2 protein chains.
Amino acid sequence: MGGKKTTITNHIKRIRLARTDLTQSELARRVEATRQTILALEAQKYAPSLELAFRIAYVLGEPIEEVFIFDSSDMEARV
Amino acid sequence: MGGKKTTITNHIKRIRLARTDLTQSELARRVEATRQTILALEAQKYAPSLELAFRIAYVLGEPIEEVFIFDSSDMEARV
DNA sequence: ATTTGATGTAAAGTATTTTTTACATAAACA
DNA sequence: TGTTTATGTAAAAAATACTTTACATCAAAT
């Protein structure tokens, strides 16, 4: 039950379906992760490692910022 | 001694010194990490989480791909 | 000379991500 | 009908990232 309110969401599923004909399994194989990991990420369970994020963006053919959305409103205002 | 040969390197130190006058401690405080984490990252000990990578790039004022370099030659060739 | 700030090494513990395994449901189709 | 493919839930174990604590070195400044 690990869960922190991550400030990152992703568009993996949308992009995977819109821009590729990859299944979750095929995407997993290409990025060298497991199907469960892709499934969990698409369900926004947690954010991937930086390396996996790069691999996924690479395979989906999008820049990382298009696939993974960082909400910077958590930041700001720091002296 | 956890260590995998990461395919990711970073330019945190170079950019921090060239574009800001932040110390490791100040950068750590702004991204809400510890100084040890920044130190380890600058020493290329491991890659940060995606969230921390976004935060660091944000504070350094650079896109994430400019700060963190992914070597995609590990990828490619996958049927 | 000694204090202060910045950087560095080290290592144990905590938190988070990823894998592994097992089982469920629904659609497509022989 | 029964088999295969794709997606889903669940949970324990393994791997990796991060924190916490402690101490070391060097440069700058008082």
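No experiment lies behind these values; they were computed from the predicted model shown. Chain naming here is simple, since letters A, B, ... match the order of the sequence lines and numbering starts at 1 in each. We use all heavy atoms of the structure for the numbers below, so side chains are in, but hydrogens, waters and symmetry mates are not.
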Exercise for the section: Flag the pair Leu50(A) / Leu52(B) as yes when at least one side-chain heavy-atom distance between them is below 4.5 Å, and no otherwise. Expected result: no
Exercise for the section: Verify the contact: side-chain N or O of Arg16(A) to OP1 or OP2 of dT7(D), cut-off strictly under 4.0 Å; return yes or no. Expected result: yes
Practice task
Using a cut-off of strictly less than 4.0 Å between a heavy atom of the residue and any atom of DNA chain C, enumerate the qualifying residues of residues 61-69 of chain A by number.
Solution key: none
Problem - Any donor-acceptor pair under 3.5 Å from Glu26(A) side chain to Thr23(A) backbone - result: yes
Exercise for the section: In whole angstrom, give the distance that lies between atom CD of Glu42(A) and atom P of dT9(D). Expected result: 12 Å
Exercise for the section: Send over the distance from Leu39(B) CG to dT20(D) P, rounded to a whole Å. Expected result: 16 Å
Completion exercise
Separation of dG8(D) atom P from Ile12(A) atom CD1, nearest Å, is 13 Å
Handout entry: Listed once per pair and sorted, the salt bridge (charged side-chain N to carboxylate O under 4.0 Å, His left out) pairs that draw on residues 9-24 of chain B, sequence neighbours left out
Key = Arg16(B)-Glu42(B), Arg19(B)-Glu62(B)
Practice task
Rounded to the nearest angstrom, tell me the gap between atom CD in Gln44(B) and atom P in dA17(D).
Solution key: 13 Å
Practice task
State, yes or no, whether a side-chain contact exists between Phe68(B) and Pro48(B) at a heavy-atom distance under 4.5 Å.
Solution key: yes
Practice task
On the 0 to 90° scale, with breaks at 30° and 60°, tag the Phe54(A)-Phe70(B) ring pair as parallel, tilted or perpendicular.
Solution key: parallel
Might you list the N or O atoms of the protein lying below 3.5 Å from N or O atoms in nucleotides 18-27 of chain C, with each pair's distance?
| from | atom 1 | to | atom 2 | distance (Å) |
| --- | --- | --- | --- | --- |
| dT18(C) | OP1 | Ser49(A) | N | 2.8 |
| dT18(C) | OP1 | Ser49(A) | OG | 2.8 |
| dT19(C) | OP2 | Thr34(A) | N | 2.9 |
| dT19(C) | OP2 | Thr34(A) | OG1 | 3.2 |
| dT19(C) | OP2 | Thr37(A) | OG1 | 2.5 |

Practice task
Return yes if some donor-acceptor pair links the side-chain N/O of Gln44(A) with the main-chain N/O of Asn10(A) below 3.5 Å, else return no.
Solution key: yes
Handout entry: Spacing between Leu22(A) atom CG and dA6(D) atom C1', to the nearest angstrom
Key = 13 Å
Exercise for the section: Specify the separation, in whole Å, of atom CZ of Arg29(A) and atom C1' of dA6(D). Expected result: 15 Å
Exercise for the section: Would you mind reporting whether Leu27(A) and Ile12(A) have side-chain heavy atoms less than 4.5 Å apart? Expected result: yes
Exercise for the section: Please check the phosphate of dA6(D) (OP1 and OP2 only) for any side-chain N or O of Lys13(A) closer than 4.0 Å. Expected result: no
Practice task
Would you indicate whether the side-chain heavy atoms of Leu60(A) and Thr20(A) approach each other to under 4.5 Å?
Solution key: yes
Practice task
Using atom CD of Gln24(A) as one end and atom C1' of dG8(D) as the other, report the distance to the nearest whole Å.
Solution key: 8 Å
Problem - Glu32(B)/Arg55(B) under side-chain contact (heavy atoms from CB on, under 4.5 Å): CA gap, chis, key distance, verdict - result: CA-CA 9 Å; Glu32(B) 293 183 275; Arg55(B) 287 173 179 263; 3.1 Å; yes
Fill in the blank from the handout: Leu27(B) CG to dG8(C) P, in whole Å, measures 13 Å
